Amino acid sequence: MTTRSELEDGHRPSSAGEPADGGTDFIRQRIRRDLESGVVTGGVVTRFPPEPNGFLHIGHAKSICLNFGVAEEFGGETYLRFDDTNPLKESDEYVEAIKADVSWLGFDWGDRLTFASDYFEQLYRFAVELIEQDKAFVCSLSGEEIRSTRGTLTEPGTPSPYRDRSVAENLDLFARMRAGEFRDGEHVLRAKIDMASPNLNMRDPVIYRIRHAHHQRTGSTWVIYPMYDFTHCICDALEGITHSLCTLEFQDHRPLYDWVLDNINVNFHPPQIEFSRLGLTHTVMSKRLLNRLVTEHRVDGWSDPRMPTIAGLRRRGVTPAAIREFCRRIGVTKQDNLVEVELLEFCVRQDLEGSAPRGMAVLDPLKVTLTNYGGDGEVLTAPWHPQLPVLGERELTFGQTLYIEQEDFSDDPPPKYKRLSPGEMVRLRYGYIIRCDEVIRDESGRPVELRCSYVAESKSGSDTSGLKPKGVIHWVDGATAMPVRVRAYDHLFTDAAPDFSDLDAALNPHSLTEHAALVEPAIDASRETRFQFERLGYFHRDPDTAGLYHRTVTLRDGYRP
RNA sequence: UGGGGUGUCGCCAAGUGGUAAGGCACCGGGUUUUGAUCCCGGCAUUCGUAGGUUCGAAUCCUACCACCCCAGCCA
């Protein structure tokens with residue numbers, strides 16, 4: 001669950017802020033045109049309408065950035081409207097999580113927080129209006145019967161035997177539905193449109209159903225609840241939404257959206273404009289599947305850092321600015337798309353490169369003993385960020401026992417190896433140059449300790465040794481380093497476009513690796529939460545669990561062995 | 001097989017009849033006490049295919065092909 005500490009985001013925005021360019025996608029072009037032609041006067045009004053039945057993911061972020069972004073750019077307003085018409089699936093817990101996510105992303109709905117349930121009474125009256133015009137009727141077919149009479153993609157449906165009930169009878173029945181005289185499923189209110197329509201949505205769609213269920217906001221006030229198609233368009237109209245933006249799968253619903261507004265007495269008719277949803281490689285965006293991952297414990301809840309959820313990305317250390325930049329770069333079109341996760345990673349690195357303090361941590365420690373060093377406790381200084389002197393400096397201790405990365409030592413180095421190997425020298429970042437004199441191994445021959453000598457006159461910043469080692473590696477001082485757990489993440493799914501029919505087979509078995517790592521004390525003591533561990537990547541200190549760091553993203557690796 | 005959509009570089013994506021932007025990725029090269037960053041350079045004679053209109057077509061017309069969505073009392 002989202003906790004308070006997770007939301008206290010001390011992230012310093014990168015100087016590379018978001019360009020003010022409004023974008024030229026087809027939706028912005030359309031809005032610009034509507035404004036210029038005077039079709040829309042009085043400002044742009046948009047809305048982000050989540051159903052509170054799950055957590056938001058990066059696909060929602062695309063919609064949030066679009067809706068709030070467009071309103072910002074054109075000087076308009078955006079509603080955060082919860083589409084809470086199905087009490088069986090929704091809960092207040094999701095409402096709070098969604099609000100936290102939207103505001104963490106950096107958007108402000110001001111006093112425009114609404115719920116579809118705020119409009120239940122008005123919705124009911126519009127339904128009555130439809131009945132009075134003989135454009136809706138109470139159908140007493142079972143769900144099964146309604147389905148079987150809907151027809152197929154190629155065959156028309158057959159009209160309900162209740163289609164010709166009198167207006168008076170319909171009015172009476174609908175009132176009694178509301179009064180709770182019937183059981184769930186006994187009756188339903190249907191729009192009277194066209195059972196032969198090639199668009200299935202127009203074949204007398206159900207617009208109200210009976211549900212004796214407790215609603216998180218209206219309690220037991222209602223036992224009938226309006227369906228999406230009837231609700232959404234009316235809420236849009238009531239709120240004066242000038243551009244109702246939604247995803248492609250609702251294109252087939254647009255005729256119904258328009259039909260409802262055309263057949264009730266409401267003086268505003270927003271246009272529905274559809275864009276394609278976001279596809280991201282190596283992950284899943286379906287709420288159903290995301291829910292399954294959580295329920296079946298394939299991940300550690302909705303905020304598992306491997307999840308594409310906003311909460312997961314937040315825990316992982318991804319910044320709001322990086323997500324916004326990503327959404328800006330992917331654009332908005334009607335094309336099906338599968339964006340490479342590398343673009344998201346690029347946005348994350350770009351933001352963190354210019355803002356995250358640097359430090360050193362060793363994920364897989366290999367002991368190094370300096371045989372000729374006697375200055376234990378020596379204090380060195382290093383900048384928090386070499387390119388950003390304003391971030392200041394931190395202190396590092398040097399000592400006789402150090403740890404370096406196992407990967408930074410090779411018995412049998414490949415050509416152009418720039419790390420440590422027997423008899424060779426390397427510089428310890430911000431410290432001294434050392435040479436590997438002896439390798440101590442365990443029974444299996446694996447190196448467990450390196451005995452090295454350091455070059456006294458090679459101290460970083462005042463090097464008079466004249467030596468030019470091929471490389472520089474990171475390290476920590478055994479005497480002062482803090483033991484921490486570091487979690488490194490890989491793709492949740494092995495394939496770029498996973499086959500979700502077999503979730504188990506599709507899941508990447510190596511998506512999480514935990515390291516018993518060592519970090520320099522200055523990192524542990526810092527109140528910053530995001531760091532670059534030099535040569536490794538960007539890491540985020542877990543907001544709730546002490547001594548736990550998440551690898552947000554690796555550094556770009558130009559190393560070609 | 002009905003209806004609704006979409007097809008421009010490996011991935012996004014500009015382009016709206018005047019002769020293919022940009023980003024990511026990738027490949028070189030330079031700087032570098034992070035194999036990072038940064039900097040330079042390369043990367044679609046061609047726009048799903050085939051015809052047609054036009055002085056001129058990714059943009060207009062015709063036909064075809066491929067892919068996505070729709071048969072919840074979910075949203």
Side-chain angles (χ1 to χ4, degrees), chain A residues 24-25 29 49-51 53 83-86 88-90 116 139 141-144 146-148 150-157 184-190 197-203 205-211 225 227-229 231-232 246-255 274 276 278-279 281 287-288 328-347 349-350 353-354 358 360 382 386-387 416-419 426-431 433 460-461 463 468-474 496 532-537 554-561:
Chain A
T24 55
D25 57 76
Q29 287 182 37
E51 182 188 14
N53 69 342
D83 226 322
D84 57 346
T85 57
N86 187 354
L88 262 28
K89 292 187 174 175
E90 298 148 5
C139 179
L141 252 24
S142 68
E144 185 62 37
I146 287 178
R147 188 180 346 128
S148 63
R150 187 154 25 224
T152 68
L153 294 179
T154 52
E155 298 158 328
D184 287 9
E186 233 177 295
H187 305 287
V188 93
L189 185 70
R190 290 227 252 171
S197 171
N199 182 341
L200 290 308
N201 296 120
M202 299 298 269
R203 318 243 262 227
V206 172
I207 56 177
Y208 262 93
R209 76 288 216 190
I210 300 171
R211 277 233 211 297
Y225 292 94
M227 299 280 289
Y228 167 84
D229 287 306
T231 308
H232 202 86
C246 65
T247 43
L248 248 32
E249 65 273 26
F250 290 100
Q251 283 176 126
D252 290 343
H253 294 249
R254 192 172 57 219
E274 310 88 2
S276 54
L278 168 67
T281 58
K287 243 190 214 182
R288 197 191 110 250
R328 190 186 68 78
R329 283 173 179 260
I330 57 175
V332 180
T333 67
K334 298 178 81 126
Q335 265 143 263
D336 286 337
N337 61 83
L338 185 64
V339 177
E340 292 172 331
V341 73
E342 284 79 1
L343 179 61
L344 208 212
E345 294 176 347
F346 167 82
C347 294
R349 289 190 189 105
Q350 177 184 254
E353 161 63 28
R358 277 90 223 264
M360 292 194 285
Q387 280 85 240
K416 293 192 215 155
Y417 193 66
K418 296 168 70 173
R419 310 175 189 186
V426 75
R427 171 173 292 284
L428 297 179
R429 178 84 160 155
Y430 298 126
I433 292 171
S460 188
D463 185 354
K468 289 277 177 283
K470 297 180 299 290
V472 30
I473 63 174
H474 61 277
Q532 182 195 102
F533 292 167
E534 293 208 40
R535 303 210 304 133
L536 296 175
T554 60
L555 252 28
R556 186 163 168 273
D557 190 4
Y559 180 44
R560 299 282 175 279

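Everything quoted here is computed from the prediction, not taken from an experiment. Naming: A, B, ... by sequence-line order, numbering from 1 per chain. These numbers come from the heavy atoms of this one structure, side chains and all, not from hydrogens, waters or symmetry mates.
- When the nearest nucleotides of RNA chain B are assigned to A/Arg329 and A/Thr154 by heavy-atom distance, the more 5′-ward of the two goes with A/Thr154.
- When the nucleotides B/G5, B/G35, B/U37 are ranked by their closest atom to the side chain of A/Gln251, B/G5 comes out on top.
- Under the side-chain contact (heavy atoms from CB on, under 4.5 Å) criterion, A/Leu153 pairs with A/Leu200, sequence neighbours left out.
- With hydrogens and angles ignored, no donor-acceptor pair under 3.5 angstrom links the side chain of A/Glu155 to the base of B/G2.
- Here B/A14 sits opposite no nucleotide as a Watson-Crick or G-U wobble pair (both hydrogen-bonding atom distances under 3.5 Å).
- With A/Tyr559 as the aromatic partner, A/Arg419 meets the cation-pi criteria of under 6.0 angstrom to the ring centre and within 45 degrees of the ring axis.
- Between A/Cys347 and A/Arg329, some side-chain heavy-atom pair lies under the 4.5 Å cut-off.
- With sequence neighbours excluded, the residues satisfying salt bridge (Lys or Arg N to Asp or Glu O under 4.0 Å) with A/Glu534 are A/Arg429.
- Applying the 3.5 Å distance criterion, the base of B/U34 shares a donor-acceptor pair with the side chain of A/Arg358.
- With hydrogens and angles left out, the side chain of A/Arg535 and the base of B/U34 share no donor-acceptor pair within 3.5 Å.
- The stretch residues 330-343 of chain A participates, sequence neighbours left out, in these salt bridge (charged side-chain N to carboxylate O under 4.0 Å, His left out) pairs: A/Glu274-A/Lys334.
- Partners of A/Val188 by side-chain contact (heavy atoms from CB on, under 4.5 Å), not counting sequence neighbours, listed by chain and number: A/Cys139, A/Ile146, A/Arg190, A/Val206, A/Arg209.
- Partners of A/Gln335 according to the side-chain contact (heavy atoms from CB on, under 4.5 Å) rule, which considers only residues two or more places apart in sequence or in another chain, are A/Thr333.
- Listed by chain and number, the residues in a ring-ring contact (aromatic ring centres under 6.0 Å, His included) with A/His474 amount to none (sequence neighbours excluded).
- Following rounding to the nearest Å, A/Leu343 (CG) and B/C11 (P) show an atom-to-atom distance of 14 Å.
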Summary of protein contacts for nucleotides 64-75 of chain B, nucleotide by nucleotide, where a base hit scores B, a sugar-phosphate-only hit scores S (4.0 Å, heavy atoms): ----SBBBSBSB

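- In the set B/A36, B/A14, B/U34, B/A14 carries the atom at the smallest distance from any side-chain atom of A/Thr333.
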Between N or O atoms, less than 3.5 Å apart, protein on one side and nucleotides 16-20 of chain B on the other: list the pairs.
unit_1	atom_1	unit_2	atom_2	d
B/U16	O4	A/Gln29	OE1	2.8
B/U16	O4	A/Gln29	NE2	3.3

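- The nucleotide B/G28 finds its pairing partner in B/C40, both defining distances of the Watson-Crick or G-U wobble pair being shorter than 3.5 Å.
- If you check every strand for non-hydrogen atoms under 4.0 Å, A/Gly461 touches a base.
- Pair check for B/U45 finds none; no Watson-Crick or G-U wobble contact set falls under 3.5 Å.
- With sequence neighbours left out, the ring-ring contact (aromatic ring centres under 6.0 Å, His included) criterion links A/Phe250 to A/Tyr228, A/His253.
- Among the protein residues, A/Tyr417 comes within range of the nucleic acid bases, having at least one heavy atom under 4.0 Å from a base atom.
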